[in-house]
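Below is one structure, written out as structure tokens; comments come after it.
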Amino acid sequence: MHEIEYRNLLYFNTSCSPPVLVDEINDAGWNLRLAHDVQSAQNILLKYTPSVAIAQFDDTSGRLSVPIENFFRNVDQVEWVALIPKNAMSNHHIKQIISESFYDFHTLPPDTEKLLATLGHAEGMALMKRDNPASRQLPLPLQPSEDEMVGASPQMLDLFKNIRKVASVDAPVLITGESGTGKELAALALHERSARHNKPFVAVNCGSLPNGLIQSELFGHEKGAFTGASQRKIGRIETASGGTIFLDEIGDLPLELQVNLLRFLQEKTIERLGSTEKIHVDVRVLAATHVDLEAAIKDGRFREDLYYRLHVLKIKIPALRDRKGDIEVLAKYFFNKFFNEKRRNVKGFAPSALQLMNHYDWPGNVRELISRVRRAMVMCERRLITPEDLDLDRRNGERQVTTLESARNSAEMEAIRNALHKNNNNLALTSRMLGVSRATLYRLMEKYSLMPKP
Ligand SMILES: Nc1ncnc2c1ncn2[C@@H]1O[C@H](COP(=O)(O)OP(=O)(O)OP(=O)(O)O)[C@@H](O)[C@H]1O
């Protein structure tokens, strides 16, 4: 007897009307899984990994809710087919979503034969895309919050763990990492998870203040302390009272002020410029540097005793090129963030752009990635962002694979990704396809941050 192979199909009913043609769709060999909200639709996607999804809309004249809208934009592992009432064709908003994110649409009530044919074609398209692994785009958190620290690589997961640990201890923390890796964001995350979160977080960039001003900026001054000091000024350390002060580019602090800072760390008191009164201030100090402070100590530019005071706890943020697993995640995160700003017709990244981003060296780290994505969204004239829009020269991307080890790693990661995708994340089938044990596959998935999100 010929057995029908059932395929899963998500039916996301965003409307108040009942779903249509449920029996007919099931009879045609689909396993229809019904969802009425984003959460249950997401659960179905994770659990049953369908390749086709139907979305039914109301004849509303208004907008879809933001979570639903984001959901359609972010979920690209399925081909969407829309069912819309005739009058929704005049709704500009619905038309935009459908033209950007959907494979096809039918007006309600749909013709059974035609709808089934569309579902078949949509499945064909989904399979074709699956065979082209570079076109795979990562799902994103749906509603990113402001100042959220994003990352999915093992290095970032470790960092999040360390931030939580260090946040609860009221000692100075030295945050190191190249420029643009997110040191200030980490400092803010630390403050927000500490007992001081209801008190001020004050950031000072020691490198951007003129030498003559730093002392009064940090410690304040009394009226008449120097020419032009027409009134008393409260310094940043005092402003942060009860909370946290973040001293960015601490390596740029002049030596004579390093002494004052050291005294403050030891005695918890400050003296305003022009006064000898000691004022007690309760502030936690976080400091960051992108320069090698140990080398600065050897050169006599940084005090060793201050270094050890600041270095009680240490957090190191890895460069973006050393956590490849985060590049796509961050690129999609910022794409999503700026999308609502711009409302352009750009749908995502071309496979070639993603590939190049993954191989690029990112000397300016996350800050550079943000500005390239932002620029690309403005420059892009097609539906998908290309390497040219990102201003990433192809040779540059390729040139970054300098060592045999990194070339081998890239190839290994790509092969595992392909196989996982082909086998719908089934580990037994994937390990068989790759000719490795499940334990090895598991280890490699961890190494390349390919573990599915819970
Ligand atoms: N993991 C991340 N998730 C989201 N945004 C990030 C992340 N890391 C950095 N950013 C963003 O990148 C930009 C640069 O980060 P930040 O200013 O914290 O870097 P920095 O290491 O302090 O740089 P510098 O040493 O030049 O001061 C900011 O806009 C920040 O919000």
Side-chain angles (χ1 to χ4, degrees), residues 70 74 138-164 166-167 172-193 201-209 214 217 236 244-253 285-293 295-296 302 310 314-341 349 357-358 360-377 390 449 453:
N70 282 342
N74 287 318
L138 285 171
L140 258 192
L142 286 178
Q143 278 176 295
S145 67
E146 274 308 303
D147 298 325
E148 184 181 15
M149 221 177 166
V150 178
S153 61
Q155 293 97 317
M156 284 306 270
L157 298 183
D158 250 15
L159 179 78
F160 297 153
K161 204 161 66 187
N162 287 341
I163 287 180
R164 280 194 293 273
V166 164
V173 183
L174 183 65
I175 305 171
T176 60
E178 288 180 15
S179 187
T181 44
K183 296 187 293 296
E184 180 160 354
L185 205 56
L188 187 61
L190 247 158
H191 168 74
E192 280 171 353
R193 281 155 190 77
F201 173 83
V202 176
V204 182
N205 187 325
C206 304
S208 68
L209 292 169
I214 303 187
E217 196 63 35
R236 301 286 194 95
T244 306
I245 186 147
F246 171 57
L247 302 172
D248 202 359
E249 310 302 359
I250 190 80
D252 290 339
L253 198 66
V285 175
L286 308 179
T289 178
H290 70 270
V291 298
D292 179 357
L293 285 185
F302 204 82
L310 293 172
K314 188 171 167 182
I315 285 205
K316 184 171 188 316
I317 310 196
L320 189 54
R321 68 182 154 280
D322 295 330
R323 42 182 166 112
K324 295 273 185 210
D326 288 335
I327 296 173
E328 267 187 52
V329 176
L330 281 163
K332 289 203 78 183
Y333 171 81
F334 289 111
F335 178 90
N336 201 40
K337 196 163 178 174
F338 304 141
F339 193 92
N340 296 329
E341 225 175 66
F349 295 91
M357 280 199 279
N358 276 322
Y360 182 62
D361 214 24
W362 299 110
N365 292 294
V366 185
R367 185 178 290 116
E368 180 184 357
L369 183 133
I370 297 174
S371 75
R372 286 193 187 271
V373 169
R374 202 165 204 164
R375 173 187 187 278
M377 289 178 75
L390 288 159
S449 337
K453 294 223 173 78

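Counting convention: from 1, in listed order, for ligands and their atoms alike. Values in this document were obtained by computation on a predicted structure and should not be read as measured data.
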Would you find a donor on one side and an acceptor on the other, under 3.5 Å apart, between the side chain of [X] and the backbone of [Y]?
X	Y	result
W362	M357	yes
R236	V204	no
Q155	D322	yes

Provide the number and element of each atom of ligand 1 under 4.0 Å from a heavy atom of [X].
X	result
M156	1 (N)
M149	1 (N), 3 (N)
F334	4 (C), 5 (N)
I370	11 (C), 12 (O), 13 (C), 29 (O)
E178	21 (O)

(message) Is G177 close enough to touch ligand 1? Criterion: a residue heavy atom under 4.0 Å from a ligand atom.
(response) no
Looking at [atom1] of [X] and [atom2] of [Y], how far apart are the two atoms once the value is rounded to the nearest 0.5 Å?
X	Y	atom1	atom2	result
I317	T176	CD1	OG1	8.0 Å
R372	R367	CZ	CZ	14.0 Å
F335	M377	CZ	CE	4.5 Å

(request) Just go through T289, D326, L188, T181 and tell me whose heavy atom is the nearest to atom 8 (N) of ligand 1. (result) T181
Below the 3.5 angstrom mark, is there an N/O of [X], backbone or side chain, next to an N/O of ligand 1?
X	result
S179	yes
V366	no
R367	yes
L330	no
D248	yes

(request) Ignoring hydrogens and angles, state whether a donor on the side chain of S153 or D326 is under 3.5 Å from an acceptor on the partner side chain. (result) yes
(message) Tell me whether the rings of F201 and F246 are parallel (<30°), tilted (30 to 60°) or perpendicular (>60°).
(response) parallel
